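Because the structure is predicted, anything quoted here is derived from the model rather than measured. Order of the sequence lines sets the chain letters (A, B, ...), proteins ahead of strands, with each chain counted from 1.
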There are 2 protein chains.
Amino acid sequence: MSDLAAALDIVGARWALLVVERLLDGPQRYGDLQRNLGVPTNMLATRLRELEAAGVLTRLPLRHNTRAYALTDRGLALREAIVALGRWGAEEA
Amino acid sequence: MSDLAAALDIVGARWALLVVERLLDGPQRYGDLQRNLGVPTNMLATRLRELEAAGVLTRLPLRHNTRAYALTDRGLALREAIVALGRWGAEEA
DNA sequence: ACGTCACACTTGCATTTTGCAAGTGTGACC
DNA sequence: GGTCACACTTGCAAAATGCAAGTGTGACGT
């Protein structure tokens, strides 16, 4: 499997990169991600679980039953790729 | 829709970026892509159609019923993003 | 103590996407 | 005229995604 395929295995699923992009601005709570991205709640839960398992993000416990999601170093390392893809997407056809 | 979401709308589908990566080495024929990537044939056909419609690649007619797929400038502009993602994928957990 | 509320999910089911396997059409070549 | 390589298409099963409604937990007001 190529390096690219390995990367896509982790962040290639729908919504995954968008979640990571959002977290580049700092830790966010579940509800914030949901509202800002418009992602279905079950998909968000699934992606957060997968990305945590892959070591891309961690859960930070906040007060009682609320927590925040924050990127790990491995997650932050996606910034370059995300910026590059974003720039490509911004260029008009 | 964010720039990243716009990009993923075009190259976010499964196999799409892997096809483009393969074409970064130069034009390839259908059968070559299929064998090198291990992508199901109907998916490859679908992706090539979508990527062509999006202006990422073009068909070059070769002899009789064979053709090659080559990246357009817009497709080549994905190199930076693909390299960045590949580098990320290469880093071990 | 009790009801209510926000928050972070889970669950059930329809829709869409993906994958596998087999088949089709076309032109070259023998 | 038969066979072959090539580039697909088609039919159907499996998996991912999406929508809507429900669950559990702890804080907070009364």
Original post:
Roughly how many Å is it from CG in Asn42(A) to P in dA20(D), rounded to a whole number?
Top reply: 12 Å

Original post:
So, do Val39(A) and Val19(A) sit near enough that their side-chain heavy atoms are less than 4.5 Å apart?
Top reply: no

Subject >> Arg49(B)/Glu52(B) ion pair, N-O < 4.0 Å >> reply: no

Original post:
Less than 4.5 Å apart, any side-chain heavy atom of Val83(A) and any of Leu24(A)?
Top reply: no

Original post:
Rounded to the nearest Å, what distance is computed from the NE2 atom of residue His64(A) to the C1' atom of nucleotide dA8(C)?
Top reply: 10 Å

**OP:** Tell me which residues in residues 20-41 of chain A put a heavy atom below 4.0 Å from DNA chain D, sorted by number, or none.
**Re:** Pro40(A), Thr41(A)

Original post:
According to the salt bridge (Lys or Arg N to Asp or Glu O under 4.0 Å) rule, which pairs have a member within residues 33-42 of chain B, sequence neighbours left out?
Top reply: Asp32(B)-Arg35(B)

**OP:** Would you jot down, in residue-number order, the residues of residues 44-53 of chain B having a non-hydrogen atom under 4.0 Å from DNA chain C?
**Re:** Arg47(B)

Subject >> Nearest-angstrom distance from the residue atom CZ of Arg67(B) to C1' of dC8(D) >> reply: 8 Å

**OP:** Give a yes or no on whether the backbone of Gln28(A) and the side-chain of Arg22(A) come within a donor-acceptor separation of less than 3.5 Å.
**Re:** no

Original post:
Does Arg14(A) make a side-chain N or O approach to OP1 or OP2 of dT17(C) shorter than 4.0 Å?
Top reply: no

**OP:** In whole angstrom, give the distance that lies between atom CG of Asn65(B) and atom C1' of dC6(D).
**Re:** 5 Å

Original post:
Any side-chain N or O of Tyr69(B) under 4.0 Å from OP1/OP2 of dC8(D)?
Top reply: yes

**OP:** For Tyr30(A) and Thr41(A), indicate whether the former's side chain and the latter's backbone hold a donor-acceptor pair under 3.5 Å.
**Re:** yes

Subject >> Side chain Arg67(B), main chain Asn65(B), donor-acceptor under 3.5 Å >> reply: yes

**OP:** Let me know the distance between CZ of Arg63(B) and C1' of dT26(C), rounded to the nearest Å.
**Re:** 17 Å

Subject >> dG18(D) OP1/OP2 closer than 4.0 Å to side-chain N/O of Trp15(A) >> reply: yes

**OP:** Take atom CE of Met43(B) and atom P of dT18(C), then tell me their distance rounded to the nearest Å.
**Re:** 6 Å

Subject >> Which atom of Arg74(A) lies closest to which atom of Trp88(B), heavy atoms considered >> reply: O-NE1, 2.8 Å

Subject >> Arg79(B)/Glu21(B) ion pair, N-O < 4.0 Å >> reply: no

